[in-house]
Trainee: 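Let me give you the structure first, and then I'll get to my questions.
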Amino acid sequence: MSTRFYTDAGEAVAEIQDGSTVLIGGFGMAGMPVALIDALLQQDAGDLTVVSNNAGNGDTGLAALLAAGRVRKVVCSFPRQADSYVFDELYRAGKVELEVVPQGNLAERIRAAGAGIGAFFCPTGVGTLLSEGKETREIDGRTYVLEYPIRGDVALIGAYRADRMGNLVYRKTARNFGPVMATAATTVIAQVREIVETGALDPETVITPSIYVDRVVQEVDQA
Amino acid sequence: MSTRFYTDAGEAVAEIQDGSTVLIGGFGMAGMPVALIDALLQQDAGDLTVVSNNAGNGDTGLAALLAAGRVRKVVCSFPRQADSYVFDELYRAGKVELEVVPQGNLAERIRAAGAGIGAFFCPTGVGTLLSEGKETREIDGRTYVLEYPIRGDVALIGAYRADRMGNLVYRKTARNFGPVMATAATTVIAQVREIVETGALDPETVITPSIYVDRVVQEVDQA
Amino acid sequence: MNPAIRTSHGNAPLDKHGIAALVAGHIPDGAFVNLGIGRPTLVADHLPPGSGVVLHTENGMLNMGPAAEGNDVDPDLTNAGKVPVTEMPGAAYFHHADSFAMMRGGHLDICVLGAYQVSSGGDLANWQTRAPDAIPAVGGAMDLAIGAKQVFVVMTLFTKGGTPKLVRECSYPLTGLGCVDRVYTDLAVFDISPRGVSVTHTFGVTFDELAARLDMPLLDGTNP
Amino acid sequence: MNPAIRTSHGNAPLDKHGIAALVAGHIPDGAFVNLGIGRPTLVADHLPPGSGVVLHTENGMLNMGPAAEGNDVDPDLTNAGKVPVTEMPGAAYFHHADSFAMMRGGHLDICVLGAYQVSSGGDLANWQTRAPDAIPAVGGAMDLAIGAKQVFVVMTLFTKGGTPKLVRECSYPLTGLGCVDRVYTDLAVFDISPRGVSVTHTFGVTFDELAARLDMPLLDGTNP
């Protein structure tokens, strides 16, 4: 159904509920939907499962959500970073669960959820701790691990421009997880830098078609 | 390794050998690499397995390759068309094998080959003739069929523009199977309408990066 | 279903345009819809201007416009039936795997398909008859059948020979299992749900006449 | 391997730049290459101008340029280490699933990675030590390890404590099984193949000295 546009990020994320699985785009700060995460912090949904490449940096964004005790579990490829101290402390105190997923498996499992794939035999992680207990199979002489889709109740993503239908384009490596996450959640909320009229985006360049986008919020320039 | 550019389609396809599996892009005439198929017809590789959405139209292109007795097997979603009489006759005479694959499975199986996926549980075709004898599994209450990758020795695709590195862009619905086929064959040969200097394509709009493209031939305008 | 749907009944069978118009009227504004080849394509002609309905074509496009004519014909722009079409503002192109991922991932709101047979359990048979020299050809039919949130079928209720096409069990090869939600025919509209098959509209026949001609239990949903 | 490689030997151990230069010299013109975070990144500085080597960064780009400085810094354009980088003519961007499909599908020619340990069978351990309070974090390491046509490892041959990092069996948690093709170290270069581990270059040590310090059979490939 048609994409809805919001001027208030708080309104766009208001319906996110306790216990939701929230896919959060971005790789480092590139593509990170900061305004949406901040808005989520302002409402009170807790017991969240967050699926994102990292587990927060410094004291803002996802780290702030973690610090506020709102996150039960993090599914990510790389929690540990120079400034991931908020996550590190919670994890060591046993206050947050962690599922570490190889980055390619994370992306492909999210894609699988969006593409209606029930599970797939994957070459990454075979014979490692991260595939322990998982089903394996040899196919054409190579061993694969069976991996399952990762679905979200909500996806929060950052894009560059939206048109008034909700079609999205990204910019450079800020594209990263946005396009696959947009296919894999019940409600997809995008923050964009700019909204343009329908017809202003070249149809060849649309990366996330409007069908995947439920809500769009334009970033307010902080400058 | 670096993409090579050819002015002669015959030279570009010269190394295709007997018994090869050839992925051929296009959906109807849109994206059909006509010059490459014609060039393949001029050399003498036989016993080919052709993977393409359709099984030839009229007397030219894939139909001519079939008529010349060069194709052992066709893997496609929709052989039967108003003007597929060449294929129809060969098939009814038992002179060509046919594997009918649902169109989405065809695309996804080709993608899987390019993406290193060993096999995937797929929702399409469950309980139908086209999944008879295939492994099925219930996952989260839904039944899936296990489908395997389709790889090519060669892919022949049609694109719109290439830059001098071999990056490709497509045009409108002529994009269709080209991008996935380009990921799934040992040797990928693209025919393009235009070659532009490196740097002339917007990096945001490149659909098939040069890493996938081995050879590029510019179409000679027939007009 | 929108309660308003249940109140419209006709006194004569619908022709194919009448069926298409009825389907078009039941597609919510802003829905993402795939119209199968053949009769389902007619639905596009009856979508009201400003409905915001976005048409998907599985060969890689959203926001497809009407058939192209004259100078608008572009061999690079066709629908799934290989007919030249046009592009609407806000269109998007994508490759075949992305297009079918969109379908198979359940993102389309409605898919409208033709059928040889539909069973009372919602099984669909629309890709192959058992004609002796038939060449199997499935195209995107099986993907369309299982992908959309709702699958509407448009067909005549009976063959030219008078045999029902809404049946207890399909005798033709199946396209998909339990995938059809609603069947639009010249004589009636049927809802298929876990409760059973419910007649929601009749055209030129009564519920009892239908019930007498179809070999299955029918629920009367015509006078809720 | 290029036979020319076997002929260059040094009389002193290499520093990290020396290792990087050696690796760079062994990358064929026009290769598609992913350089892992840390020491592997140094290889880029030693690629000769005009080599046509195309760098992949797994966060979604081919034809990545050098690190960005000053006004070229763009927060939307970083490498996998989240360092601002630049774009070269002929660059292409893609999303994470496409980027890892490129890697996992075996399309990259070479991937250069750091390591804690490499086994004589080519197993790689580079994502986690068994430090008591370690937080597991794998990033793209496991995908890189199994995806590229050839995996080169760059590391010091011994830990600061003098323990070999090229071992019969890895004691650290594995990143990938049998995936390493060549190991570049300060003291020697090793080829790992079904025939065994072959020393192709030595730097400041002799083959016999190496053989005495490593707990595995070594083939002498230094004088072919």
Side-chain angles (χ1 to χ4, degrees), chain A residues 25 27-32 53-55 57 76-82 84 87-88 91-92 98-112 114-115 122-131 142-143 158 160 170-183 207-208, chain D residues 37 57-61 64 68 74-87 91-106 123-125 127-128 130-147 170 172-179:
Chain A
F27 184 86
M29 289 308 290
M32 183 66 67
N53 190 62
N54 303 108
N57 304 80
C76 74
S77 86
F78 209 81
R80 188 190 57 207
Q81 297 191 277
S84 63
F87 173 82
D88 299 357
Y91 177 76
R92 290 186 173 126
L98 171 64
E99 179 182 349
V100 174
V101 179
Q103 200 168 130
N105 290 11
L106 189 65
E108 188 73 16
R109 290 173 65 187
I110 295 168
R111 179 193 179 273
C122 170
T124 298
V126 173
T128 74
L129 287 177
L130 298 188
S131 68
R142 190 173 193 192
T143 306
Y160 178 43
Y170 300 83
R171 193 166 169 276
K172 303 187 186 284
T173 58
R175 190 184 298 191
N176 59 68
F177 282 94
V180 284
M181 287 183 171
T183 69
I207 301 298
T208 296
Chain D
I37 296 173
T57 181
E58 62 264 36
N59 52 320
M61 181 186 195
M64 176 175 65
D74 179 336
D76 286 344
L77 179 49
T78 73
N79 66 13
K82 286 145 194 162
V83 175
V85 291
T86 52
E87 119 194 341
Y93 295 103
F94 27 82
H95 63 57
H96 242 83
D98 279 350
S99 184
F100 279 80
M102 186 180 289
M103 188 184 292
R104 294 144 60 111
D123 295 348
L124 172 66
W127 73 287
Q128 198 186 0
R130 293 201 192 274
D133 69 343
I135 295 177
V138 69
M142 289 187 181
D143 304 287
L144 288 160
I146 59 91
C170 296
Y172 289 141
L174 292 182
T175 309
L177 292 175
C179 56

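Proteins come first, then strands; the chains are lettered A, B, ... in the order of their sequence lines, and each starts at number 1.
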Trainee: Considering all heavy atoms of both residues, which atom of Asn59(D) and which atom of Asn176(A) are nearest to each other, and what is their separation?
Mentor: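 Here Asn59(D) and Asn176(A) meet closest at O-CB, 4.1 Å.
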
Trainee: Side-chain contact, heavy-atom cut-off 4.5 Å: Ile135(D) with Leu98(A)?
Mentor: yes

Trainee: Under 4.5 Å, counting heavy-atom pairs only, tell me which of Pro102(A), Ala107(A), Gly28(A) racks up the most with chain D.
Mentor: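 Most pairs with chain D among the choices: Pro102(A).
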
Trainee: Is Asn105(A) close to chain D through its backbone or its side chain, or both, or neither, when contacts mean heavy atoms under 4.5 Å?
Mentor: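 Both the backbone and the side chain of Asn105(A) come within 4.5 Å of chain D.
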
Trainee: In terms of ring plane angle, is the pair Phe177(A) and His96(D) parallel, tilted or perpendicular, where the classes change at 30° and 60°?
Mentor: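 Rings of Phe177(A) and His96(D): parallel, under 30°.
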
Trainee: With a 4.5 angstrom heavy-atom cut-off, is it the side chain or the backbone of Tyr170(A) that approaches chain D, or both, or neither?
Mentor: neither

Trainee: Closest approach of Arg142(A) and Arg104(D), non-hydrogen atoms and distance?
Mentor: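 Nearest pair, atom of Arg142(A) first, then Arg104(D): NH1-O, 4.4 Å.
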
Trainee: Judged by atom type as modelled, is there a donor-acceptor pair below 3.5 Å linking the side chain of Thr173(A) to the main-chain atoms of Thr78(D)?
Mentor: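 Answer holds: yes.
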
Trainee: Name the region of Ile110(A), side chain, backbone, both or neither, that has any atom closer than 4.5 Å to a heavy atom of chain D.
Mentor: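 Neither the backbone nor the side chain of Ile110(A) comes within 4.5 Å of chain D.
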
Trainee: For Tyr91(A), is it the side chain, the backbone, both or neither that has a heavy atom under 4.5 Å from a heavy atom of chain D?
Mentor: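 For Tyr91(A), the contact with chain D is made by the side chain alone.
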
Trainee: For Asp98(D), which atoms come within 4.5 Å of any heavy atom of chain A: side chain, backbone, both, or neither?
Mentor: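 Asp98(D) has no heavy atom closer than 4.5 Å to chain A.
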
Trainee: Given side chains that start at C-beta, do those of Leu130(A) and Trp127(D) come closer than 4.5 Å, heavy atoms only?
Mentor: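 Side chain of Leu130(A) against side chain of Trp127(D), heavy atoms only: contact under 4.5 Å found.
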
Trainee: Where is the tightest heavy-atom contact between Gly104(A) and Asp143(D), given as atom of each residue plus distance?
Mentor: N-OD2, 2.8 Å

Trainee: Return the option, out of Ser77(A), Gly31(A), Pro179(A), Gly178(A), with the maximum number of heavy-atom pairs under 4.5 Å with chain D.
Mentor: Ser77(A)

Trainee: Just how far is it from atom NZ of Lys172(A) to atom CD of Glu87(D), taken to the nearest 0.5 Å?
Mentor: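 Answer for the NZ-CD pair, Lys172(A) versus Glu87(D), is 3.5 Å.
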
Trainee: So do the side chains of Glu108(A) and Phe100(D) get within less than 4.5 Å of each other, counting heavy atoms only?
Mentor: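 Contact flag for Glu108(A)/Phe100(D) side chains = no.
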
Trainee: Where on Val100(A) is there a heavy atom nearer than 4.5 Å to chain D: the side chain, the backbone, both, or neither?
Mentor: side chain

Trainee: Could you have a look at Ala30(A), Cys76(A), Pro79(A) and say which one has the most heavy-atom pairs with chain D under 4.5 angstrom?
Mentor: Pro79(A)

Trainee: Heavy-atom pairs under 4.5 Å with chain A: which of Leu174(D), Asp133(D), Leu77(D) has the most?
Mentor: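 Most heavy-atom pairs within the cutoff with chain A belong to Asp133(D).
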
Trainee: Working to the nearest 0.5 Å, report the span between CE of Met103(D) and OG1 of Thr124(A).
Mentor: 9.0 Å

Trainee: Given that the side chain runs from C-beta out, which part of Ser99(D) has a heavy atom under 4.5 Å from chain A: side chain, backbone, both or neither?
Mentor: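 Neither part, no heavy atoms under 4.5 Å.
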
Trainee: Taking side chain as everything from C-beta outward and backbone as N, CA, C, O, which of these in Pro136(D) sits under 4.5 Å from a heavy atom of chain A? Side chain, backbone, both or neither.
Mentor: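 Both the backbone and the side chain of Pro136(D) come within 4.5 Å of chain A.
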
Trainee: Please find the pair of heavy atoms, one from Met142(D) and one from Gly125(A), that lie closest to each other, and give the distance.
Mentor: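 The answer is SD-CA, 3.7 Å.
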
Trainee: For chain A, which candidate among Ala134(D), Ala80(D), Ala145(D) shows the most heavy-atom pairs at distances under 4.5 Å?
Mentor: Ala80(D)

Trainee: Under 4.5 Å, counting heavy-atom pairs only, tell me which of Pro173(D), Ala137(D), Gly147(D) racks up the most with chain A.
Mentor: Ala137(D)

Trainee: Quick check on Arg92(A) against chain D: is it the side chain, the backbone, both or neither that has a heavy atom closer than 4.5 Å?
Mentor: side chain

Trainee: On a heavy-atom basis, which atom in Arg171(A) and which in Asp76(D) lie closest, and how many Å separate them?
Mentor: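 Minimum heavy-atom separation between Arg171(A) and Asp76(D): NH1-OD2, 2.8 Å.
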
Trainee: Do Lys82(D) and Asn57(A) pair up side chain to side chain, a donor and an acceptor below 3.5 Å, judged on atom types alone?
Mentor: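 Lys82(D) vs Asn57(A): no donor-acceptor pair found between side chains.
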
